[in-house]
Amino acid sequence: MAAVTLEHWVERIRDPKMECMSRDEMASLQSERLTKVVKRVYENVDFYRKKMKELGVEPGDIRGIEDIDKLPFTTKEDLRENYPFGLLAVPKSEVARVQGTSGTTGKLTLASYTQNDVDLWGECVARCLTMAGLTEEDIIHVCYGYGLFTGGLGLDYGAKALGAMAIPMSAGNTKRQMMCMEDFGATAFACTPSYALYLAESLQEAGVVDRLQLKAGIHGAEPWTVEMRKKIESILHINCFDIYGLCEILGPGVAQDCIHHTGLHIHHDFFYPEVLNPATHAACAQGETGELVFTTLTKEAMPLIRYRTKDLTSITYETCACGRTSPRISKFTGRTDDMKVIRGVNVFPTQVETALLSLGGAVEPHYLMIVDREDNLDVLTVMVEVDESMFSDEIRKLDALRNKIGAVLKQALGVSVRVKLVEPKTIQRSEGKAVRVIDNRNL
Ligand code: DLL
């Protein structure tokens, strides 16, 4: 069967009451939830009681959502110091499961969930799947890893809450993925965008795209550009959606874009977002880039107050063309910690991706940034995959392409770049999050 495009779909809104509430109604719900969660963490979590006392704040001082800036921040370092169970607000016997992600020091960043938290997670991912036009009729091929990483189980819980069929493939073995996708008639698939592109190219090479029944891709867990989305969509003739989340807050399902692709809708009845200047902590104006900070409003096992995600984005509160009133965050430009400062210039991997994709044609969006220090000077090398045919052409053509890429990257990044052209599939593919930067400077 030929691939179906989503163009003629009418999007179904799963929970119009929550997703289309007026601003005042939502503020009152958020206020009620915030006052409860603050009281709970003050009474049950030593870390928060101590922090609030240091700031001279009592739970009674928090009367509504407008008081949120009186509360202390929580950072990844706080999680590390309280690893593994120091931030629990319930007895350990009430924890139904834990999920984790790699931390910066070798230990995991660990999050705990009660059964209600797991159900909330399923509800959030189900809302995201609905935003992608999926229903209980759909078959969702999940090639995110299952395990401590939240991708596989999160999508699985979402499919269950929606009443759809989940195919729990987990990551790896691309040939098997392709076979099952075709044989089981998957109508949607979920994995990182870098693996989605790899899988799409592999399906194209195998000539099976037209035999698939895919209509949607649910991708996230790493930054990706609009150009990358369009590339996957055009190979598979589907619509792809950007799903966001982090294990400390929930896992996938904190936010996702709808068919209009004008930002990711946050489920703000559960997670209250702020976008703050990372240095001054002042609230950013709508549209201004800053660090995303979340307060979980209903989580039981490990509620987090003003958690600093280190993810950089901007926010808008305008109602979307889809009718949802939830605030929308723009695609992430990077993290406060994946930004590389190269000869004093801030460089993000997504800038490289956008620049490469602007060249179209012979250049693939598979790249690797390598930062070295030579004679006390930073040197940025960008490895780029180019079409195989380029290597059989005259050397002059290859040089011209290298120079062109170098010029485009210099223009986009503001620093000079050494370009290394390599054949397709030279850069290692990842079934999980792609590695985009290797920094050899030992800073
Ligand atoms: O990556 C959860 C997830 C799984 C999201 C599957 C989407 C799909 P962590 O391993 O805790 O959780 O990593 C969270 O990944 O702070 C962001 O920096 C990055 N990230 C997640 N989603 C996106 C996205 C999962 N859509 C960290 N765009 C976050 C950009 C993303 N970055």
Side-chain angles (χ1 to χ4, degrees), residues 3 6 99 101-102 125 128-129 131-134 138-160 162 164-206 208-209 212-225 228-247 251-257 264 331-332 353 364-366 425 427-436:
L6 275 184
Q99 300 284 155
T101 190
S102 47
V125 177
C128 294
L129 297 175
M131 266 192 245
L134 303 176
D138 281 290
I139 300 177
I140 305 170
H141 178 109
V142 183
C143 34
Y144 276 117
Y146 280 62
L148 279 175
F149 174 60
T150 51
L153 283 165
L155 266 296
D156 208 295
Y157 292 142
K160 183 164 179 237
L162 184 65
M165 185 203 296
I167 307 177
M169 292 299 298
S170 202
N173 199 339
T174 302
K175 275 208 172 123
R176 196 153 151 270
Q177 301 276 1
M178 299 201 297
M179 179 183 76
C180 294
M181 200 175 249
E182 182 183 351
D183 291 353
F184 307 160
T187 57
F189 76 120
C191 57
T192 55
S194 49
Y195 188 61
L197 180 59
Y198 177 63
L199 196 54
E201 287 170 342
S202 306
L203 287 160
Q204 190 178 40
E205 268 168 34
V208 296
V209 172
L212 299 175
Q213 300 186 36
L214 284 181
K215 48 193 182 185
I218 312 290
H219 312 301
E222 63 188 13
W224 55 314
T225 54
M228 178 106 154
R229 169 167 66 76
K230 291 191 173 153
K231 178 126 193 173
I232 303 166
E233 287 176 338
S234 74
I235 297 176
L236 294 177
H237 317 296
I238 61 172
N239 266 11
C240 293
F241 298 85
D242 189 357
I243 187 166
Y244 168 77
L246 58 163
C247 95
V254 173
Q256 192 193 273
D257 58 357
L264 283 65
K331 262 190 172 308
F332 293 89
E353 188 174 308
E364 304 291 332
H366 295 295
K425 310 236 162 82
I427 298 169
Q428 203 181 353
R429 301 294 190 266
S430 156
E431 287 149 2
K433 299 186 191 225
V435 176
R436 300 293 198 197

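Computed over heavy atoms, backbone and side chain alike; hydrogens, waters and symmetry mates excluded.
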State, to 0.1 Å, how close [X] and [Y] come at their nearest heavy-atom pair, and which atoms those are.
{"X": "Ile140", "Y": "Ala159", "result": "CD1-CB, 4.1 Å"}
{"X": "Ile232", "Y": "Cys240", "result": "CG2-SG, 3.8 Å"}
{"X": "Met228", "Y": "Glu353", "result": "CB-OE2, 3.3 Å"}

Heavy atoms, side chains only, cut-off 4.5 Å: are [X] and [Y] in contact?
{"X": "Pro252", "Y": "Leu155", "result": "yes"}
{"X": "Leu246", "Y": "Thr101", "result": "no"}
{"X": "Met181", "Y": "Leu199", "result": "yes"}
{"X": "Leu197", "Y": "Ile235", "result": "yes"}
{"X": "Leu264", "Y": "Val254", "result": "no"}
{"X": "Glu182", "Y": "Leu212", "result": "yes"}
{"X": "Arg436", "Y": "Pro223", "result": "no"}

Exercise for the section: Among Phe189, Tyr195, Tyr198, find the one that has a ring pair (Phe, Tyr, Trp, His ring centres under 6.0 Å) with His219. Expected result: Phe189

Return yes if some donor-acceptor pair links the side-chain N/O of [X] with the main-chain N/O of [Y] below 3.5 Å, else return no.
{"X": "Tyr144", "Y": "Cys191", "value": "yes"}
{"X": "Thr187", "Y": "Ile139", "value": "yes"}
{"X": "Thr192", "Y": "Lys433", "value": "no"}
{"X": "Gln177", "Y": "Ser170", "value": "yes"}
{"X": "Gln99", "Y": "Leu148", "value": "yes"}

Problem - Trace of the salt bridge (Lys or Arg N to Asp or Glu O under 4.0 Å) decision for Lys215 with Asp138 - result: CA-CA 10 Å; Lys215 48 193 182 185; Asp138 281 290; 3.2 Å; yes

Exercise for the section: Please say whether more than 12 non-hydrogen atoms of neighbouring residues, nucleotides or ligands are located less than 6.0 Å from NZ in Lys331. Expected result: yes

Handout entry: Met178, CE: over 12 other non-hydrogen atoms inside 6.0 angstrom
Key = yes

Exercise for the section: Test side-chain contact (heavy atoms from CB on, under 4.5 Å) on Arg229 and Asp242 and set out the steps. Expected result: CA-CA 9 Å; Arg229 169 167 66 76; Asp242 189 357; over 6 Å; no

Problem - Under-4.0 Å salt bridge between Lys425 and Glu205 - result: yes

Handout entry: Steps toward side-chain contact (heavy atoms from CB on, under 4.5 Å) verdict (Ile218, Cys128)
Key = CA-CA 9 Å; Ile218 312 290; Cys128 294; 5.8 Å; no

Fill in the blank from the handout: Taken in chain and number order and not counting sequence neighbours, the residues that satisfy salt bridge (charged side-chain N to carboxylate O under 4.0 Å, His left out) with Glu222 are none

Exercise for the section: Take Val125 and Asp156, measure what side-chain contact (heavy atoms from CB on, under 4.5 Å) needs, and give me the verdict at the end. Expected result: CA-CA 9 Å; Val125 177; Asp156 208 295; over 6 Å; no

